[in-house]
Amino acid sequence: MKKLLIVIGIIVAVLVAVWAVTRTFYPDNIAETALDGGNKDLKTRFYKTDLAEAAKRVKEIIPTISTWGANWKLAEDRIEGDSAVIRAEVPVVVFTDDLEVRIKQEKDQVRVDVRSASRVGKSDFGENRRHVVQILDAMDQKLGG
C-alpha cells in the first residue's frame with residue numbers, strides 16, 4: 001500500500017510540474033503575427049506581388065508542409081475584393097490546430113498576417129508559434145520576403 005501511495009504521489013507531482021511549466025512558458029494556445037510583433041519571426045509580412053499570386057502560392061505551400069509526419073490540409077480559401085482568407089487544418093499528434101492566412105492588397109504589395117490556434121487545451125507547448133513560423137518561412141522563400 002505504501003508503494004502505491006508513493007507512485008500516485010510521483011504521478012501527481014509530475015502532472016503538476018508539467019502543468020506549471022506549460023502555463024509559465026506557453027501560457028496560451030494561439031500564435032499570430034502583428035505589425036509590432038516583439039519577435040521578428042512573428043511580424044506581419046509584406047511582399048511585392050499581387051493578391052492572386054500570393055493566394056495561389058499559399059495554397060500551393062500548405063499541403064507541402066508537414067507536422068508530426070502528416071501534411072497540412074487546405075480547408076478553405078476565399079478571395080473577396082482586395083482580401084483573401086486561406087484556412088488550413090494542421091495535424092498535431094491526435095489533435096488538429098487551425099491556421100488562417102489573411103492577405104490584403106495594399107498598392108503594389110500585399111500584407112500577410114497568419115494566426116494559428118489549438119482547438120482544445122489551454123497551452124500548446126509552442127506548437128502554434130512553430131506553425132506560423134513554418135508557413136512564413138515557406139512564404140519568404142516563395143515570395144521573397
Checklist entry - Got a second to check how far D140's CG is from R45's CZ, nearest 0.5 Å? => result 4.5 Å

Checklist entry - Does the side chain to side chain contact (heavy atoms under 4.5 Å, CB included) test come out yes or no for L35 and F46, once each step is laid out? => result CA-CA 10 Å; L35 280 172; F46 292 90; 3.8 Å; yes

Checklist entry - Can you name the nearest heavy-atom pair linking N71 to S66, along with the distance? => result OD1-CB, 3.3 Å

Next on the checklist: Would you compute the distance between atom CD of E53 and atom NZ of K142 and round it to the nearest 0.5 angstrom?
Outcome noted: 10.0 Å

Checklist entry - When clusters are formed by joining ILVMFWY residues with side-chain heavy atoms under 4.5 Å apart, either directly or through shared neighbours, do I30 and V101 land in the same one? => result no

Checklist entry - Hey, mind stepping through E32 and L42 against side chain to side chain contact (heavy atoms under 4.5 Å, CB included) and telling me if it holds? => result CA-CA 7 Å; E32 58 191 331; L42 297 180; over 6 Å; no

Item to check | Connected via hydrophobic side-chain network under 4.5 Å: L5 and V12 | outcome: no

Checklist entry - Between atom CD of Q141 and atom CG of L136, what is the distance when rounded to the nearest 0.5 Å? => result 11.5 Å

Item to check | Spacing of CG belonging to D77 relative to NZ belonging to K59, to within rounding of 0.5 Å | outcome: 4.0 Å

Item to check | Where A31 and V132 come nearest, the two heavy atoms and their spacing | outcome: O-CG2, 3.7 Å

Checklist entry - Looking only at heavy atoms, which two atoms of T64 and I61 are closest? And how far apart? => result OG1-O, 2.6 Å

Checklist outcome for this item: Shortest non-hydrogen pair, E100 vs R102, comes out as OE2-NH1, 3.0 Å

Item to check | Test item: H131 and V92 side chains (from C-beta on) under 4.5 Å apart, heavy atoms | outcome: yes

Checklist entry - Do you reckon V90 sits in the same ILVMFWY cluster as V85, going by side-chain contacts under 4.5 Å, direct or chained? => result no

Item to check | K43 NZ to T33 OG1 distance, which is reported to the nearest 0.5 Å | outcome: 11.5 Å

Checklist entry - Going through the checks in order, is the side chain to side chain contact (heavy atoms under 4.5 Å, CB included) test met by T67 and E127? => result CA-CA 10 Å; T67 305; E127 195 65 33; 3.3 Å; yes

Checklist entry - Is there a side-chain contact between P91 and W72, using heavy atoms and a 4.5 Å cut-off? => result yes

Checklist entry - Can you name the nearest heavy-atom pair linking D97 to R119, along with the distance? => result OD1-N, 4.2 Å

Next on the checklist: If the threshold is 4.0 Å, N to carboxylate O, is there a salt bridge linking D113 and R115?
Outcome noted: no

Next on the checklist: Would R87 and D98 count as a salt bridge (Lys or Arg N to Asp or Glu O under 4.0 Å) here? Give the steps.
Outcome noted: CA-CA 7 Å; R87 291 191 174 93; D98 294 308; over 6 Å; no

Item to check | Approximate separation, where rounding is to 0.5 Å, of M139 CE and E60 CD | outcome: 11.5 Å

Item to check | Expected output: side-chain E80 to main-chain A84 donor-acceptor under 3.5 Å | outcome: no

Checklist entry - Step by step, would you call L99 with V114 a side chain to side chain contact (heavy atoms under 4.5 Å, CB included)? => result CA-CA 7 Å; L99 182 114; V114 180; 3.9 Å; yes

Item to check | Non-hydrogen side-chain atoms of I86 and I103 separated by less than 4.5 Å | outcome: yes

Checklist entry - Which heavy atom of I62 sits nearest a heavy atom of A88, and at what distance? => result CG2-CB, 3.7 Å

Item to check | Check against salt bridge (Lys or Arg N to Asp or Glu O under 4.0 Å), E76 and R78 | outcome: CA-CA 7 Å; E76 174 188 4; R78 190 174 66 240; 2.6 Å; yes

